[in-house]
Amino acid sequence: MNSNLYAKLQAYGRSDFYGFHMPGHKRQMLYPFEDPFGIDITEIDGFDNLHHAEGILKEAQERAAMLYGSSETHFLVNGSTAGLLSAIAGCTTRGGKIIMARNCHKAVYHAAFLNDLEVIYWMPRMDPVNGVNCGLPVDNLKKLLKENPDTQAIVMTSPTYDGVVSNVDKVVEIVHKCGIPLIVDEAHGAHFGFDPRFPKNSVGKGADVVIHSLHKTLPSMTQTALIHLNGSLADREKIRRYLSIYQTSSPSYVLMSSIDSCIGLLARRKEELFDAFYHKLSVVRDQLSHMQKLHLFSKEDAVRRGGADLDPSKLLITTAGANVNGKELSSLLRDRYHLEMEMETSGYVLALTSIADTKEGFQRLTSALMEIDRQCVADGKYRDYAEAADTADEDAEMANETAMTIWKADQYRKKSVLLEDSAGSVSGEFVYQYPPGIPLIAPGEIISNKAVELICRAKEQGINVQGMKDFTAESIEILDEIRRCEN
């Protein structure tokens, strides 16, 4: 008898719902992959061991390294999270200091917590109309490095969840002059570097550690990812040791074979697949550029706010000029057109695309958005990005002051207060919208009025807020500064 979950998955798979979300295989089989039960084994003779790879898995990882141009590549079956945790632990000492982009994924914050790291935040620039995280300013990084010469590693996210690429080349140049390793969370850029019309990947730009989520934008199964190690600044031996700690001791051969099959597909057919993909994207982006009230976020929008490039495969539709918000647009696409988006915020929806997307799927999305656009009633004149930028506070979205490290905050007793009364207190928990999993508040930060406003606005619009002990997000855990937990 089928379980409820399996039966529901089967029914969904037979439905006409089309997914503009991960995984990147889009439920399409681009390479032969038979019944997974028949190949689900453990480390038996002749099949190697991921944690001590000397045979077939070592060869598979070497093929991945060759494809990406990396000195050394390792399979990740616990997702990019395991790679980020291992990279940060391997490049720092307990109680050390890192500079990290404030728009990093929650896994980076968890690494800081687990290693009791002092975190110096590198603030991204913001698109002031839609709240999109854009480029990481290089001059700000120079200032932070000058003020924090004891920094042990730099961690940045490029591209962002929304596809904005920062100037990794310049960052590499700056940090390597200081003898500091650069860790790039390029989870959403696993498809970079295979076609000149897409951005280059950070391995080729000289980053010391690069993490790729194959399952996000390529045809590989969920949880599959890669970590690439280059140069001599990152402690590779230490990172390898942490990989064996943060990854399961029983890695799935089904997932590892999916990684290897994906690598093989790209090695054989990347030119053909990406050429077809780019041409389909070009048609879509051209058609959507004619929307009147909705707006397709463009490379020009990203560059205007400090980005170096934009991944054309991320279709970010903003709602600043329409009479619907991002949540409402996502619901329309789901309920009326059976199109499931990757993410929605108050100001936009994100459609994640890949080489596995079909022409028919793109046509359904384009037709739906153009029809919704025609039905939208303008809410005043469309706000111009450049005009709004003159008066916008670029850092307001992420402007909480740090009172103590995440780990230290965890040692204090907590008390629950109403969210509306929490401004000025020190947070005892994470608060983030998921996806993308970027904390609006982290433990040890002083809760700002702006952060409270953002969370309340997200709740009002039905946006998913996570991380809080109170799932309703009515209350938040703050530090009880009088009592501290005994070790």
Side-chain angles (χ1 to χ4, degrees), residues 50-53 61 70-122 144-145 148 150-158 171-172 175-176 178-187 202-203 207-213 223-251 402 404-411 430 432 437-439 442-444 487:
L50 182 63
H51 298 301
H52 305 282
Q61 291 177 135
S70 175
S71 175
E72 179 179 339
T73 295
H74 295 270
F75 286 2
L76 301 174
V77 293
N78 290 73
S80 284
T81 293
L84 289 166
L85 293 173
S86 302
I88 294 168
C91 290
T92 61
T93 57
R94 180 165 294 278
K97 181 185 290 186
I98 63 170
I99 294 174
M100 61 177 273
R102 183 58 177 81
N103 62 336
C104 279
H105 185 265
K106 63 180 182 176
V108 177
Y109 290 82
H110 293 164
F113 163 69
L114 291 169
N115 294 280
D116 190 22
L117 299 177
E118 179 183 352
V119 174
I120 306 299
Y121 289 121
W122 180 13
L144 292 175
L145 284 167
N148 300 276
D150 53 342
T151 298
Q152 295 180 334
I154 310 291
V155 189
M156 66 185 294
T157 300
S158 180
V171 174
V172 168
V175 302
H176 282 184
C178 300
I180 300 172
L182 174 64
I183 301 167
V184 180
D185 177 359
E186 202 168 70
S202 293
V203 174
D208 303 278
V209 184
V210 179
I211 294 97
H212 282 139
S213 279
Q223 287 186 218
T224 57
L226 300 171
I227 183 170
H228 308 281
L229 310 179
N230 300 286
S232 59
L233 290 177
D235 189 334
R236 297 198 205 180
E237 182 178 351
K238 192 175 177 184
I239 293 173
R240 291 186 208 108
R241 186 164 72 248
Y242 277 103
L243 283 173
S244 67
I245 293 172
Y246 285 119
Q247 294 218 86
T248 174
S249 60
S250 301
T402 300
M404 63 185 71
T405 66
I406 299 171
W407 182 86
K408 187 175 182 181
D410 187 64
Q411 304 307 300
F430 285 103
Y432 47 81
I438 300 168
N487 292 328

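By convention here, the first residue in the shown sequence is residue 1.
No side-chain heavy atom of Q223 sits under 4.5 Å from any side-chain heavy atom of V77. The side-chain heavy atoms of V119 and I98, taken from C-beta on, include a pair separated by under 4.5 Å. Between Y121 and M100, some side-chain heavy-atom pair lies under the 4.5 Å cut-off. Contact of the K97 side chain with the Q152 side chain is not registered, since no non-hydrogen atoms from C-beta on lie closer than 4.5 Å. Under the 4.5 Å side-chain criterion, counting only non-hydrogen atoms from C-beta, I438 is not in contact with T157. Inter-residue side-chain proximity for P439 and R102 is flagged as met; some heavy-atom pair is nearer than 4.5 Å. Between I88 and L114 the shortest side-chain heavy-atom distance does not fall below 4.5 Å. Contact check for V155 versus C104: side-chain heavy atoms found under the 4.5 Å cut-off.
Atom CD of E237 sits about 12.0 Å away from atom CG of L229, to the nearest 0.5 Å. Atoms CG and CG, from N78 and L84 in turn, are 12.5 Å apart once rounded to the nearest 0.5 Å. The distance from atom CG of D116 to atom CD1 of I406, rounded to the nearest 0.5 Å, is 10.0 Å. Here the CG-OG distance, from L50 to S249, works out to 11.0 Å after rounding to the nearest 0.5 Å. Distance check: I211 CD1 to I227 CD1 gives 4.5 Å after rounding to the nearest 0.5 Å. Atom OG1 in T73 sits 7.5 Å away from atom CG in N230 (nearest 0.5 Å).
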Quiz prompt | Working for side chain to side chain contact (heavy atoms under 4.5 Å, CB included), residues L145 and I180 | solution = CA-CA 10 Å; L145 284 167; I180 300 172; 3.6 Å; yes
Practice problem: Just do the side chain to side chain contact (heavy atoms under 4.5 Å, CB included) check on L243 and L76 with the steps written out, would you? | Solution: CA-CA 8 Å; L243 283 173; L76 301 174; 3.5 Å; yes
Quiz prompt | Test side chain to side chain contact (heavy atoms under 4.5 Å, CB included) applied to I120 and T151, step by step | solution = CA-CA 9 Å; I120 306 299; T151 298; 5.5 Å; no
Practice problem: Test Q247 against F75 for side chain to side chain contact (heavy atoms under 4.5 Å, CB included), laying out the working first. | Solution: CA-CA 10 Å; Q247 294 218 86; F75 286 2; 6.0 Å; no
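Counting all heavy atoms, side chain and backbone alike, A153 lies closest to C91 at CB-CB, 4.1 Å. Nearest heavy-atom pair, A101 versus Y109, reported as atom, atom and distance to 0.1 Å: O-OH, 4.4 Å. Of all heavy-atom pairs spanning K238 and T92, the tightest one is NZ-O, 2.6 Å. Between T402 and M404, the closest heavy-atom pair is CG2-O, 3.4 Å. Nearest heavy-atom pair across I239 and A234 is CD1-CB, 4.1 Å.
Side-chain N or O atoms of H51 include one that pairs as donor or acceptor with a backbone N or O of T248 at under 3.5 Å. Between the D185 side chain and the A187 main chain, a donor and an acceptor come within less than 3.5 Å of each other. Although no hydrogens or angles enter the test, the distance criterion places a donor-acceptor pair under 3.5 Å between the side chain of S70 and the main chain of E72. Panel note: side chain R236, backbone G231; a donor-acceptor pair is recorded below 3.5 Å. A distance-only check finds no donor-acceptor pair linking the side chain of E186 to the backbone of V203 [under 3.5 Å]. Checking side-chain atoms of S86 against main-chain N and O of G83 turns up no donor-acceptor pair under 3.5 Å.
Partners of Y242 by side-chain hydrogen bond (donor to acceptor under 3.5 Å, both in side chains), not counting sequence neighbours: none found.
Each of N103, V184, I183 was checked for a side chain to side chain contact (heavy atoms under 4.5 Å, CB included) with M156, and the lone residue meeting it is V184.
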